[in-house]
Amino acid sequence: MSSVEKKQLIYEKSAPGRRGYSLPDTERTADAILGDIPEKFRRTDDARLPEVTEGQVMRHFVGLSVKNHHIDKDFYPLGSCTMKYNPKVNDVAANLPGFRALHPLAPDDSVQGVLQIMFELKTYLKEVSGFEAMSLQPVAGAHGEFAGLLIMQAYHRKMGELNRTRIIIPNSAHGTNPASVAALGWSTVQIECNEEGVITPEAVEAVMDDTVAGMMTTNPNTLGLFEKHCKEIADIVHKGGGLMYMDGANLNANMGIFRPADIGFDIMHFNLHKTFSTPHGGGGPGAGAVGVTAELEKFLPAPVLKKNDQDEFFFDYDRPDSIGRLHSFYGNVGNMIRAFAYIKSLGGEGLRAVSENAVLNANYLKELIREDYDLPYEAHCMHEFVISGSRQKKLGVKTLDISKRLLDFGMHSPTNYFPLIVPEAMMIEPTETESRETLERFAAIMKQIAAECESDPELVKSAPHDTPVRRLDEVGAARTLDIQYTD
Ligand SMILES: *Cc1c(COP(=O)(O)O)cnc(C)c1O
């Protein structure tokens with residue numbers, strides 16, 4: 001790429017002497033301030049920064065933001081990720097100066113307000129999930145899984161059962177589940193779901209033995225189906241001496257309807273950044289709260305936030321059985337404030353309505369497009385569903401091509417090629433925040449693309465046509481990474 005092209009791509013707008021700021025005069029001169037900095041740390045020449053006006057900076061970033069896809073722009077049905085619209089008022093709450101300016105090392109008695117919010121959030125999450133104890137410390141879903149598995153390990157060690165180092169995982173599992181197991185140095189025992197897309201007690205029974213530490217499963221599973229045998233399965237695992245872990249990254253179908261702890265799960269993580277209103281398109285920061293039964297409470301990450309007899313909140317560090325600390329300070333407090341504001345503004349009935357509408361939207365969309373694509377599992381879905389592009393593949397069009405074509409219509413793609421058990425999978429999660437009109441518009445586009453696959457497959461295979469950049473060389477981008485600002 002020539003440097004001229006590159007400059008156009010990075011929107012070089014700098015010109016010497018342009019300014020986007022003005023600073024008030026200070027009493028101290030620049031030389032006096034410089035004098036405080038040891039000679040060896042001082043720059044010898046000016047930093048190469050763009051010189052631009054405030055207006056140019058504004059247009060630059062707004063321009064970039066509309067070149068990309070995001071939930072504030074249009075539909076984002078990325079299954080398993082719950083890319084719902086997050087009310088901006090929750091961001092406003094997290095950004096209140098009293099929260100934003102808190103110092104993480106402030107003594108407990110000087111930050112009672114935020115501790116109260118964290119404490120109450122734990123109470124609400126307990127209510128939603130049925131668990132009796134909670135930690136807000138982990139900062140991602142996968143981090144929550146790791147915390148939960150460490151708790152499981154600590155439990156077995158306490159019981160003297162050091163031989164339990166295997167975790168049963170269904171073949172529909174999210175990739176982070178086996179990865180978390182591996183991070184612990186444990187191994188997985190994979191079981192298959194049946195022709196209805198759910199796991200059976202028989203499959204679990206067949207692999208349960210005294211080397212199994214427990215089972216990890218997602219409910220609804222990643223096919224968007226409710227695991228209806230969970231209670232029976234939990235009984236089998238418990239009888240065999242194991243614990244049940246629920247991947248609760250996505251509670252969008254469950255709130256106010258199904259509480260994992262009530263049917264035998266012992267540990268679960270939440271993704272506050274999926275279900276509870278932290279935007280998460282850009283990769284963080286997240287919050288992966290972990291809930292456990294009363295029996296496992298003593299193993300929670302330290303410190304544990306508590307309330308004393310005088311109704312004061314404090315961090316308890318005296319936790320001899322704890323798995324220890326997993327993150328600096330108390331996790332990502334901003335996400336906790338957003339989740340708190342979200343739950344407070346919706347209330348219990350509102351959360352239930354979220355789940356009901358998420359399920360309704362997914363089923364409605366599924367019915368709208370089921371004739372045009374293959375539907376591997378017939379059952380009613382929960383908050384998401386999976387279709388297959390196998391029919392289109394026979395015409396030479398891959399699922400990836402269909403996803404790229406969606407970009408021409410200003411829509412984000414569904415999750416592709418996951419779950420792994422469905423060939424040419426497209427995993428679609430509309431979420432509760434989309435209107436009927438948006439769902440119908442998306443369905444009409446999906447129908448049009450299915451028709452194009454028959455009438456003009458090249459059009460789909462060469463998509464996108466109307467985006468700021470055409471199809472990217474993703475492998476090349478990863479292999480010959482170029483992150484330099486200039487040549
Ligand atoms: C998103 C997700 C995770 C992982 O969450 P991260 O915050 O990305 O680590 C785990 N399990 C399921 C089912 C998920 O959808």
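Since the structure is predicted, the reported quantities are computational estimates derived from the model, not experimental observations. Every number for a ligand or one of its atoms is a count from 1 in the order of the listing.
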Flag for [Y]-[X]: side-chain donor and acceptor within less than 3.5 Å:
| X | Y | result |
| --- | --- | --- |
| D266 | H238 | yes |
| T82 | E429 | yes |
| Y364 | E440 | yes |
| N90 | S277 | yes |
| H174 | T176 | yes |

Any N/O of [X] closer than 3.5 Å to an N/O of ligand 1?
| X | value |
| --- | --- |
| A142 | yes |
| N177 | no |
| H273 | yes |
| H269 | no |
| G141 | yes |

Just how far is it from atom [atom1] of [X] to atom [atom2] of [Y], taken to the nearest 0.5 Å?
| X | Y | atom1 | atom2 | result |
| --- | --- | --- | --- | --- |
| I117 | F340 | CD1 | CZ | 5.0 Å |
| F418 | S80 | CZ | OG | 6.0 Å |
| K231 | I263 | NZ | CD1 | 8.0 Å |

Is the shortest distance from a heavy atom of H143 to ligand 1 less than 4.0 Å? no
Any heavy atom of N250 closer to ligand 1 than 4.0 angstrom? no
Going by an N to O cut-off under 4.0 Å, is there a salt bridge joining E349 and R352? no
So that I can tick it off, tell me whether K274 and E384 are bridged by a salt bridge, with the cut-off set at under 4.0 angstrom between side-chain N and carboxylate O. no
If the plane angle is over 60° it's perpendicular, under 30° parallel, otherwise tilted; pick one for H412 and Y76. parallel
Just to confirm my output: which protein heavy-atom neighbour is closest to [atom], and how far is it?
| atom | answer |
| --- | --- |
| atom 5 (O) of ligand 1 | N271 ND2, 3.0 Å |
| atom 10 (C) of ligand 1 | T176 OG1, 3.1 Å |
| atom 1 (C) of ligand 1 | K274 NZ, 1.4 Å |
| atom 13 (C) of ligand 1 | D247 OD2, 3.4 Å |

Looking only at heavy atoms, is any part of T222 under 4.0 Å from ligand 1, and if so is it the side chain, the backbone, or both, or is it neither? neither
Which bit of H280 is near ligand 1, meaning a heavy atom under 4.0 Å away: side chain, backbone, both or neither? neither
Please tell me if atom 15 (O) of ligand 1 is touched by the protein, where touching means a protein heavy-atom distance below 4.0 Å. yes
If you count the atoms of ligand 1 from 1 in the order shown, which ones are under 4.0 Å from a heavy atom of [X]?
| X | result |
| --- | --- |
| E145 | 10 (C), 11 (N) |
| S80 | 13 (C), 14 (C), 15 (O) |
| A140 | 7 (O), 9 (O) |

